[in-house]
Enquirer: 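Here it is: the structure, laid out below.
Just so you know, ligand 1 is whichever comes first in the structure, and atom 1 is the first atom listed for that ligand. This chain uses plain numbering: 1 for the first residue, then up along the sequence.
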Amino acid sequence: MLNTPPLRRLRRLRSSEAMRDLLRETQISLSDLIHPLFIEEHISHAVPISTLPGISRLPESALADEVRELYALGIRYVMPFGISHTKDDKGSDTWDDNGLLARMVRTIKDTVPEMMVISDICFCEYTDHGHCGVVHHNEVCNDLTVENLVKQSITAAKAGADMLAPSAMMDGQVKAIRHGLDAAGFEHVAILAHSAKFASSFYGPFRAAVDCELRGNRKGYQLDYANGRQALLEALLDEAEGADILMVKPGTPYLDVLSRLRQETHLPLAAYQVGGEYAGIKFAALAGALDERAVVTETFIGLKRAGADLIVSYYTKQYAQWLAESH
Ligand code: PBG
Ligand code: ZN
């Protein structure tokens with residue numbers, strides 16, 4: 001029988017809302033959230049994405065209005081993804097100053113100069129085979145792809161991107177992009193490296209969203225999800241190559257990686273809550289199985305508690321609307 005009362009009663013710290021608010025260790029606000037956008041060229045109406053209910057592909061002509069609306073809601077960071085009708089075997093539209101990527105960046109910066117544009121730097125939405133680079137003999141060729149990533153990065157920076165988020169998982173991409181940007185006079189443009197990007201089935205809804213008909217898979221360049229130590233190696237290499245921020249992707253199934261990385265670096269960290277994570281919550285909420293706002297908030301706090309300073313999430317706009325409603 002336990003007859004000595006506990007000396008330390010942690011429930012004292014949970015005794016009222018004021019007490020809980022005082023002691024909360026982790027906060028989430030709109031300054032932590034980056035909103036991805038899907039922009040399709042050559043269409044005239046928004047197309048809802050069936051795998052991501054609540055999210056649509058917007059026509060390019062609607063981008064300016066959307067950005068104004070997002071900014072009015074308090075969102076200050078966007079990551080545009082293009083849905084291209086101008087695909088080829090290399091993704092050369094991405095380094096055309098009049099290509100979709102450059103046009104999206106310019107439209108956003110011309111409409112709301114204060115909106116920070118974080119440009120995804122990759123090729124899979126712009127290649128006819130759906131891979132993240134140049135394919136030779138059924139392999140994505142690392143060094144040729146890196147050369148093209150540098151061209152794409154300079155094009156995005158010239159168009160006004162504030163930050164670049166290379167996501168192709170090619171070796172040496174961060175270093176090459178950093179040198180390329182600096183040599184072209186864009187030393188102020190930051191790099192948010194997709195450092196630990198796992199070959200994940202949670203990307204399924206996204207691939208449907210961007211019409212990526214991938215032949216094969218990405219296991220030859222994205223991380224094996226069984227490998228936590230290798231993920232840390234990738235991230236520390238990106239730090240050494242000059243990355244400004246390191247990202248772990250997907251988010252929720254990889255909290256251990258985020259938390260270990262937090263112990264190994266002093267750089268800011270990001271987490272990408274990917275399409276499959278969004279879809280899992282959204283479809284459950286649509287079925288009435290959970291309280292959507294509460295669950296979304298809990299996942300954001302979980303990602304931040306594990307070590308993320310910032311989060312890319314398809315829930316950003318919805319979250320901003322919830323905040324606006326409860327004011
Ligand atoms: C491709 C890219 C992917 C995502 C963002 N950029 C997926 C992939 O590697 O197929 C996934 C985002 C998501 O699933 O929400 N460079
Ligand atoms: Zn890609």
Enquirer: Would you mind listing which atoms of ligand 1 come within a distance below 4.0 Å of any non-hydrogen atom of Cys124?
Expert: 1 (C), 16 (N)
Enquirer: To 10 degrees, how wide is the angle SG (Cys132) to the Zn ion (ligand 2) to SG (Cys122)?
Expert: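 Rounded to 10°, it measures 100°.
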Enquirer: Tell me whether Gln222 has any N or O atom under 3.5 angstrom from an N or O of ligand 1.
Expert: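 Yes; the residue has a nitrogen or oxygen that sits under 3.5 Å from a nitrogen or oxygen of the ligand.
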Enquirer: Taking 4.0 angstrom as the limit and counting only heavy atoms of Gly275, give me the atoms of ligand 1 inside it, by number and element.
Expert: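 That gives atoms 13 (C), 14 (O), 15 (O) of ligand 1.
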Enquirer: Is it the case that more than 12 heavy atoms not belonging to Glu25 sit under 6.0 Å from its CD atom?
Expert: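 12 or below, so no.
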Enquirer: Strictly under 2.8 Å, is the Zn ion (ligand 2) approached by any N, O or S atom of Cys124?
Expert: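 It does; at least one qualifying atom falls short of 2.8 Å.
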Enquirer: For Arg207, take its heavy atoms, then give the atoms of ligand 1 lying under 4.0 Å from any of them.
Expert: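 Here the atoms of ligand 1 in question are 8 (C), 9 (O), 10 (O).
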Enquirer: Answer yes or no: is there a side-chain heavy-atom contact under 4.5 Å between Phe38 and Ser56?
Expert: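 Phe38 does not reach Ser56 side chain to side chain.
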Enquirer: Give the atoms of ligand 1, by number and element, whose distance to some non-hydrogen atom of Tyr314 is under 4.0 Å.
Expert: 12 (C), 13 (C), 15 (O)
Enquirer: Closest non-hydrogen protein atom to atom 2 (C) of ligand 1, residue and atom name please, with distance?
Expert: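 For this ligand atom, the closest protein heavy atom is Lys197 NZ, 3.2 Å.
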Enquirer: Below 4.5 Å, heavy atoms only, C-beta onward: do Ser167 and Ile121 meet side chain to side chain?
Expert: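 SC-SC contact between Ser167 and Ile121 ruled out.
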Enquirer: Are the side chains of Leu30 and Leu323 in touch, meaning some heavy atoms are under 4.5 Å apart?
Expert: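 A side-chain contact exists here, since the closest heavy-atom pair is under 4.5 Å.
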Enquirer: Return the closest protein heavy atom for atom 4 (C) of ligand 1 as residue, atom name and distance.
Expert: Lys249 NZ, 3.1 Å
Enquirer: As an exercise, identify every atom of ligand 1 less than 4.0 angstrom from a heavy atom of Cys122.
Expert: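 It comes down to these atoms of ligand 1: 16 (N).
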Enquirer: Using the six-membered ring of Tyr203, assess whether NZ or CZ of Lys197 lies under 6.0 Å from its centre and within 45 degrees of the ring axis.
Expert: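 Flagged: Lys197 positioned over aromatic ring of Tyr203.
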Enquirer: For Tyr314 and Tyr278, take the angle between the two ring planes, folded into 0 to 90°, and tell me which bin it lands in: parallel under 30, tilted 30 to 60, perpendicular over 60.
Expert: perpendicular
Enquirer: What class does the angle between the rings of Tyr319 and Trp322 fall in, given that below 30° is parallel, 30 to 60° is tilted and above 60° is perpendicular?
Expert: perpendicular
